[in-house]
Number of protein chains: 2
Amino acid sequence: MATKRASQVKQSVWLTPRPARGRRSSRAGEGGPGSLDREVIVAAAVRLLDELGEPKFSMRALASRLDVTPMSLYWYVADKDDLLELALDVVAGEMALPEVGDGTDWQDGLRALAVTWRATMLAHPWAIRIYGDYLNIGPNSVRYSARALEIARSSPLSEADAMAALSAIFQYTYGFTATEVNWAEKAAEANGSTDDLIEEITEAVRDLPGVADSGIIVERPREPDHLLRERDFHRALDWLLIGMQSGLR
Amino acid sequence: MATKRASQVKQSVWLTPRPARGRRSSRAGEGGPGSLDREVIVAAAVRLLDELGEPKFSMRALASRLDVTPMSLYWYVADKDDLLELALDVVAGEMALPEVGDGTDWQDGLRALAVTWRATMLAHPWAIRIYGDYLNIGPNSVRYSARALEIARSSPLSEADAMAALSAIFQYTYGFTATEVNWAEKAAEANGSTDDLIEEITEAVRDLPGVADSGIIVERPREPDHLLRERDFHRALDWLLIGMQSGLR
DNA sequence: ACCTGAACACCGTTCAAGT
DNA sequence: ACCTGAACACCGTTCAAGT
């Protein structure tokens, strides 16, 4: 990730689309070793990433999952970076595209864009970790971005404001979801729920130098974390949308 | 990162603070090999991370920079994770704390919190990449968080809204800055400015399948990127603050 | 055309040993 | 108390070789 060719903008698989190699789906659904294929490899990568998480995922682990030598993968993908970029676009393909136009409100549209993005990333926590390392211009990502553009432009906002609105919604959603995923992963490592972890951390932080002696009160929320999270996520979206609206007069 | 002890919540150096080992600053400013110290190591780590970036930083590289064997570092820090967590708190120490109370507006306070956080992270791009992997409860981080709490509570918002407001500001700022850093890093890899990169990508994306044939117009902004970024960053903060304000009546 | 084996240049970290 | 050397269990990727 981000450790790529040091020169031009070949920064993406999608900009130098070598054709997928391997048997071109002759007799579909054959299975078993030997039936390698770029799509098969990428699909297996997504599943293994879901299983192991990004830090434990490796080319070697993927190869052994597919019952081949690590190096055989390199017949189909240029390197690990390219494979991950392909995997990201598979994930992007899972995002439900919100409707646009006539009946639907642009504010509902923007919210729906945020909601589907978050849901998809929560389903593949590794994806949000590497998301920023790639351009995300695969067919599925592009489809999503195009719809996002349409929705933003269907609003009464100026072109500049519409673009800023899209960025704002997206960057907030990115930050929120990344934080969310990190807590979930920390909780999983501690073999507990996010609530347990928050409880423990809150206790511990209370006794920290600089906290105990200052006047700050550190309270843990009295509400289950996932409910609070849901509410807070939408509350900030409300705030953003209200703010956007307000500029219209 | 995130590859830690699989059991309890010893998830942070700060929760199990082994005393820093090494000569306790006898005759300060001695320099040269042999004058190892936890602080010296962490400071060197920050500098090397600034220089190399996170992906190229390694315990071995740090050791060779300090003219010692890799393993000598492990006398002072438990592992790489702990070292990075310590480095992150050094960075947190660079954040300017906004004033709170009487004279100053809570909205200006929240904005200042976002601005200083972003500025600090832009100065140490590696920091934002690993930020989410740690609890960030070192003394400097805690000082910042405490001030953030004070500012939020100085607002007329309800306790719940004040907490949600803080999250919203922070998560938006995190998302915005992370995106910003990623673009800057991609530009650096391509040996060009962010503007050049955006230009090239925009051109390339235009010709992509699914873009060319659809009706979407992909235009590049007519304004230098850093200006646009500054404006957009603050515009979304405006929107959030307007939204928060609006709930008060 | 597709896959393998050996090898290279890396990692973080262990352990026992040196001073 | 502090530092080292050798070794282990990993990485991604090269290259030449097999079929």
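So that the names make sense, note that chain A is the first sequence line, chain B the second, and so on, each numbered from 1. Quick caveat: nothing in here was measured; it's all calculated off a predicted structure.
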Check your understanding: Parallel, tilted or perpendicular: which describes the rings of Y172(A) and F176(A), with under 30° parallel and over 60° perpendicular?
Key -> tilted
Revision key, fill the gap. For DNA chain D, the dot-bracket notation using Watson-Crick and G-U wobble pairs below 3.5 Å, [ ] for pseudoknot-type crossings and | for other-strand pairs, is ||.|||||...|||||.||
Point to revise | Gap between atoms CG and C1', on L66(A) and dC3(C) respectively (whole Å) | key: 13 Å
Between the protein and nucleotides 12-18 of chain C, list the N/O to N/O atom pairs that are separated by less than 3.5 angstrom.
| from | atom 1 | to | atom 2 | distance (Å) |
| --- | --- | --- | --- | --- |
| dG12(C) | OP1 | M59(B) | N | 3.1 |
| dG12(C) | OP1 | K80(B) | NZ | 3.1 |
| dG12(C) | OP2 | M59(B) | N | 3.2 |
| dG12(C) | N7 | R60(B) | NH1 | 2.4 |
| dG12(C) | O6 | R60(B) | NH1 | 3.1 |
| dT13(C) | OP2 | Y74(B) | OH | 2.6 |
| dT13(C) | OP2 | K80(B) | N | 3.0 |

Exercise for review: Look at Y76(A) and dC3(C) and indicate whether a side-chain polar atom (N or O) is within less than 4.0 Å of OP1 or OP2.
Suggested key: yes
Exercise for review: Determine, stepwise, if the pair L149(B) / M163(B) fulfils side-chain contact (heavy atoms from CB on, under 4.5 Å).
Suggested key: CA-CA 8 Å; L149(B) 263 179; M163(B) 295 304 99; 3.5 Å; yes
Check your understanding: Y131(B) vs F170(B) aromatic rings, parallel, tilted or perpendicular, using cut-offs 30° and 60°?
Key -> tilted
Point to revise | Straight-line distance of I130(A) CD1 to L84(A) CG, nearest 0.5 Å | key: 4.5 Å
Review point. Does T69(B) place a side-chain N or O at less than 4.0 Å from the phosphate oxygens OP1/OP2 of dC3(D)?
Key: no
Check your understanding: Checking R118(A) against F233(A): charged group under 6.0 Å from the ring centre and within 45 degrees of the axis?
Key -> yes
Review point. Looking only at side-chain N and O atoms, does W75(B) come under 4.0 Å of OP1 or OP2 in dC3(D)?
Key: no
Revision key, fill the gap. When rounded to whole Å, the CG to C1' distance for the pair L62(B) and dC3(D) reads 15 Å
Review point. Is the CD atom of E39(B) crowded by more than 12 outside heavy atoms at less than 6.0 Å?
Key: no
**Study point:** Non-neighbouring partners of P98(A) that pass side chain to side chain contact (heavy atoms under 4.5 Å, CB included), sequence neighbours left out
**Key:** A112(A), L113(A), R147(A), I151(A)
Practice item. Could you walk me through whether V46(A) and D50(A) pass the side-chain contact (heavy atoms from CB on, under 4.5 Å) test, one step at a time? Key: CA-CA 6 Å; V46(A) 170; D50(A) 287 344; 4.0 Å; yes
